[in-house]
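Step one of this worksheet: look at the structure below.
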Amino acid sequence: MPIRPIYIVFVTVALAITLAPPRADAGKRRVAIAPFDGPARRATRARATVVRAVAAEHTVLPDAAVARAWRQLGAKRRRPADYARVARAVGADALVTGVVRARGRRATLRLTVRAGATGEAIDTIRVPMRRGRLARTAFAEDLADAIAWAEPVDREPPVAARRRRATAADSGDDAAGPATPRVDAAPTELRATAAPAARVTGPRAAVRAGLSVTSRDLTFSYQASLAPEQRPVAYDGGPVGGVAVAGRVYPSRFVDRVPAAEHLDRVALVFELDRAVGMRSRYSDGAMDYDLPTDQSRWGVGARYVLPLGSVDVDTGIGYGQLRHHIDDGGVDLGVPDVQYRYLDVGAAVAAPVAKRVSARVSARYLAIVGAGEIVTASAYGRAAVRGIDMDAAVAYAIAPEVDLSAGVRYLRVALDFDGTGDMATARDGDPDQDVGGAADRYVGGYVQVGYAF
């Protein structure tokens, strides 16, 4: 039976399609890779690795063009429409953004692949970093596949396309070829925005809560000639358990649009509270023993500026706090006045990793005490020059990226230098001279806390 011509044509076309060599750029996408957020050194190194991985499968647009369009985006909320404007400005089918989040020596890179046409996220890929380098090499295949899902878009930015068509119409040349995309021919709303400020990644807030133990020791300096019954009454308290809560909040990290974000993102508001639970003070006047309820608490608030120096974080700042020790004497003359120190503090802290999942923190603060409570009244030891120091050292173990367990010790010392105007500082031996020159009020303790960062 003769072969009909229609079958010959059909077979010829099918063979041509099947055997034709594939286009060199089949499946390739034009990809814009935005500057990565996070610690500068790690972010730059991670982006360079991602650029090389993407270039193996797709076409990476020039860094200068992408960076210029990204700067023009400004510090907006960065909604999908904003990402789409950047992609249109450079003629990208897909846009890749990255954020490096670091905690000590550990870090994670979060990559987001967005469709250039809509700015919507196609996929998010998380890659661990070790010693500043991307730890998982298989991410390149996942990233290339996610980019391939992006639909090709018009290669020309809208303004450039309109200019080319207008030029062709003026010259009467309808066969004008496609113009090369120009980044500087971006939409008006893109050029009008301000350059974005760099953002610092990390937790927006962190809180710690746990148990504490504190002991108080109050001693006086006095004339050696005083008889034992004439000497001031000291306070020697044993360890007492309590609860301790502390935390810090980075306000600007909750806001998308922040001027000077690079510096404001490093500013933290901090708070702390340590309160003894079930504390009692025992006193004996020789005739009767007393077991008196006692209230001991400490709280403070402040502001800190965190400065990263490699893997070490240094934070400095100021704050305000109070330390109170009150004995409910029930009318018994104990000879130990209450204290309520009110102070401004200034100091610094250093935090650094010491081993895998283990970090250490040491801090020291000077206390400029503006009030001391009953102990410096005229009926007690009188006016005094008061100053103090607060030191803390802790070790933390990371149970999970957001959770850690910490243990530390704390030492606080307040020195009082009396001027001899108080009733309890003079005439203890019958003469009007000053008998008590000063006092040292020490608080030593430790704590165990669980921390959560988010």
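Taking 4.5 Å as the limit, every side-chain heavy atom of Arg126 sits out of range of all side-chain heavy atoms of Leu109. Side-chain atoms of Val306 and Arg248, non-hydrogen and from C-beta on, do get closer than 4.5 Å to each other.
Each ring pair (Phe, Tyr, Trp, His ring centres under 6.0 Å) pair with one or both residues in residues 205-242, not counting sequence neighbours, appears once here: Phe220-Tyr381, Tyr235-His325.
Checked for salt-bridge contact, Asp390 and Arg365 meet the test: a charged N lies under 4.0 Å from a carboxylate O. Ionic pairing of Asp315 and Arg361 is present here: one or more N-O contacts between side-chain nitrogen and carboxylate oxygen are shorter than 4.0 angstrom. Salt bridge Glu272/Arg410: present, at least one basic N to carboxylate O contact under 4.0 Å. The pair Arg383-Asp417 fails the salt-bridge criterion, with no side-chain N (NZ, NE, NH1 or NH2) lying under 4.0 Å from an Asp/Glu carboxylate O. Electrostatic pairing of Arg208 and Asp404 counts as a salt bridge here, judged by a charged N lying under 4.0 Å from a carboxylate O. Between Asp295 and Arg324 there is a salt bridge, with a side-chain nitrogen of the basic residue lying less than 4.0 Å from a carboxylate oxygen of the acidic one.
In this structure, CG on Leu367 lies 6.5 Å from CG on Asp345, to the nearest 0.5 angstrom. A distance of 5.0 Å separates CG in Leu334 from CG in Asp329, rounded to the nearest 0.5 Å.
Counting heavy atoms of neighbouring residues, nucleotides and ligands inside a 6.0 Å radius, atom CD of Glu57 does not exceed 12 of them. Atom CD1 of Ile318 sits in a sparse spot, with 12 or fewer heavy atoms from other residues, nucleotides or ligands closer than 6.0 Å. Heavy-atom contacts from other residues, nucleotides or ligands closer than 6.0 Å to CZ of Arg280 number more than 12.
For the 3.5 Å distance criterion, the side chains of Tyr443 and Asp217 fail to qualify, holding no donor opposite an acceptor. With hydrogens and angles left out, the side-chain atoms of Asp423 and Ser379 include no donor and acceptor closer than 3.5 Å. Inspection of the Ser212 and Asp274 side chains reveals an N or O donor paired with an N or O acceptor under 3.5 Å. Between the side chains of Glu374 and Gln340, no donor N or O sits under 3.5 Å from an acceptor N or O.
Smallest separation of non-hydrogen atoms from Leu269 and Ala303: CD2-CB, 4.2 Å. Scanning all heavy atoms of the two residues, the minimum distance from Gly388 to Ile369 falls at N-CD1, 4.1 Å. For Thr426 against Asp435, the heavy-atom pair with the smallest separation is C-OD2, 3.7 Å. The shortest heavy-atom contact between Ala34 and Thr97 is CB-CG2, 4.1 Å. Closest heavy-atom contact between Pro203 and Ala453: CB-CB, 3.9 Å.
For the pair Arg114 and Tyr83, the cation sits on the ring face: its NZ or CZ lies under 6.0 Å from the ring centre, inside 45° of the axis.
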